[in-house]
Amino acid sequence: MTEHEVRSLIGQVEVAVRDAIDRALPELAGADPVVRRSEHADFQSNAALALAKRARTRPAEVAGAVSEALRASTVTPVAEVTVSGPGFLNLTLTDVSLWQQVAARLASPRLGVGSPEQGRHTVVDYSGPNVAKEMHVGHLRTTIIGDSLVRVLGFLGAEVIRQNHLGDWGTQFGMLIQYLDDHPDATWHHDELTEGISTVSALDNLYRAARAAFDADPAFAERARTRVVALQAGDEDTVARWKEIVAESEFAFREIYHRLGVLLEPEDSDGESFYNFLLPDVVDELTSAGIAVESDGALVVFSEEVTGPDGNPVTLMVRKKDGGYGYDTTDLATIRYRVRDLKADRILYVVDSRQALHFRLIFEAARRAGWLTDGIDAAHVAHGAVLGPDGRPFKTRSGDTVKLMELLDHAVDRARAAIADKAHELTDEDLARIAEQAGIGAVKYADLSTSRIKDYVFDVERMVSFNGNTGVYLQYAHTRICSILRKAAADRATEVDPTLPLHPAERALILELDAFGDTLAEVGRTLEPHRLCGHLYDLAKAFTDFYEACPVLSAAEPVRTNRIALCQLSARTLGQGLNLLGIAAPERM
Ligand code: ARG
């Protein structure tokens, strides 16, 4: 247990049931108590079914023995045990134990949440947009999911190292640089562009024009090729130009990160170019170990685990025929660097699921090279795609990819309309600020709340709805609790009276509040932020039920104070939860 940690009720029940099993059936000591939330009581233990098999008796007998032992114990939160069905134990906790949880969590600056990721050096590779290309909806998920994981893992104690693997290197830049030199009047610097056009969209267009010229004009194609060589050889003017393009693109990315409230900073960028000087050494190491081998003039790694449709092993391209290095080589370098230099215990690549094979092969090669060892967890944290209303990859009507900024503008517009419908006493300035928080929050929540690996349909109207499992619903639930607390003028620490009997709706709410820390720990293990979304949604619903059934402000003391404490803990838990999703939790809406 770390400082400020409060063991959850389910954790306490697990200890109690495990202890009862140890005493009732010493030959099965240490068995999993299989405790879950229950519809018939606070919790249930399903252990008897599995244990009966091992003890060669009937589940009912095991359940009876364990429940006897539980009843005999004095140091458990369990007030009542009943055996139901073939051998389930239904467990009801004392009211005191629930109120004590509320008091303990309120007293903790971190709501009693433990630090199960303490000290783990965790590299999170996310976002990774491509220089001179508009960030599009495809980069939305990696950026948003990565940001939430960074926040959750950091909160759980991990030493998080953010890595933005920018696509900032490659032969395409030679062509672009040549084109810019040929067209000195082209505008693309952020300070000369008109409002609404970003450097990257300007560069994106120029790059398309360069491609067209490359195909149509042999003289330009020749100059462009020479320029690629110059860039690779480190020619001063060419490199300066490339740096300018990278810096301008990063400026545009930063605008998006800032608007999304994403934690990425310029110092988190170690893009493809960063690895460039390491590549020859990585290749040497793989070649001397016999892992990279010649094939058709190129250097490749044949997989020992994966074969393609033709039955042959699939390959990683380590060095192309022309001597060039590509995406595969760079990612071999990322993993070596992260293990050796960043001292990573855990390396997460938050990248589109279509790159699954790529990462499988990278990890395999890294294991064979001895870079990845058993103590290091490397994972491709794969995510699905964002789809348009037609269920196909999201495109504009003209078939272009959808620009992220335009998408966000649209969501904020719709959120403004939805809020203006509801709240009448907001100033224009407040409305603008809250609409921004709600619109951005809505987009992020929609992305985070669908299971990461699944695709989802981008549907702005649904996202900004005040009903259902949406970001706006959660933000609104939070503002309602804040408004109750404002009316109660309860800023002082609240003294909970643990001897009061619990109303069923209070009970249900406390059980939800108490599960926050365990939910976060689970997100840390599974890397699935949608579990946190689901939990917060259940919490908001439990609060609504509580508030309908239990008057707060008009209740008589000491009940009133206890209920205010529940409001405080609910507001803080929802606020903290939204923060870990990277979503603002305004106090009014
Ligand atoms: N730039 C790549 C893309 O847009 C994503 C980079 C992901 N990270 C990595 N280490 N490969 O698809």
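Remember, it's a predicted structure, so these values are computed and weren't measured experimentally. Atoms within each ligand, like the ligands themselves, are counted from 1 in listed order.
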Cationic N near anionic O, under 4.0 Å, [X] to [Y]:
{"X": "Arg336", "Y": "Glu285", "result": "yes"}
{"X": "Asp322", "Y": "Lys320", "result": "no"}
{"X": "Arg120", "Y": "Glu117", "result": "yes"}
{"X": "Arg531", "Y": "Glu528", "result": "yes"}
{"X": "Arg241", "Y": "Asp237", "result": "no"}

Residue shell around ligand 1, heavy atom under 4.0 angstrom: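 Lining ligand 1: Asp125, Gly128, Asn130, His139, His165, Tyr327, Asp331, Tyr349, Val351, Gln355, Phe359.
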Honestly, is Arg162 close enough over Tyr126, meaning NZ or CZ under 6.0 Å from the six-membered ring centre and within 45° of the axis?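 So Arg162 doesn't make the cation-pi contact.
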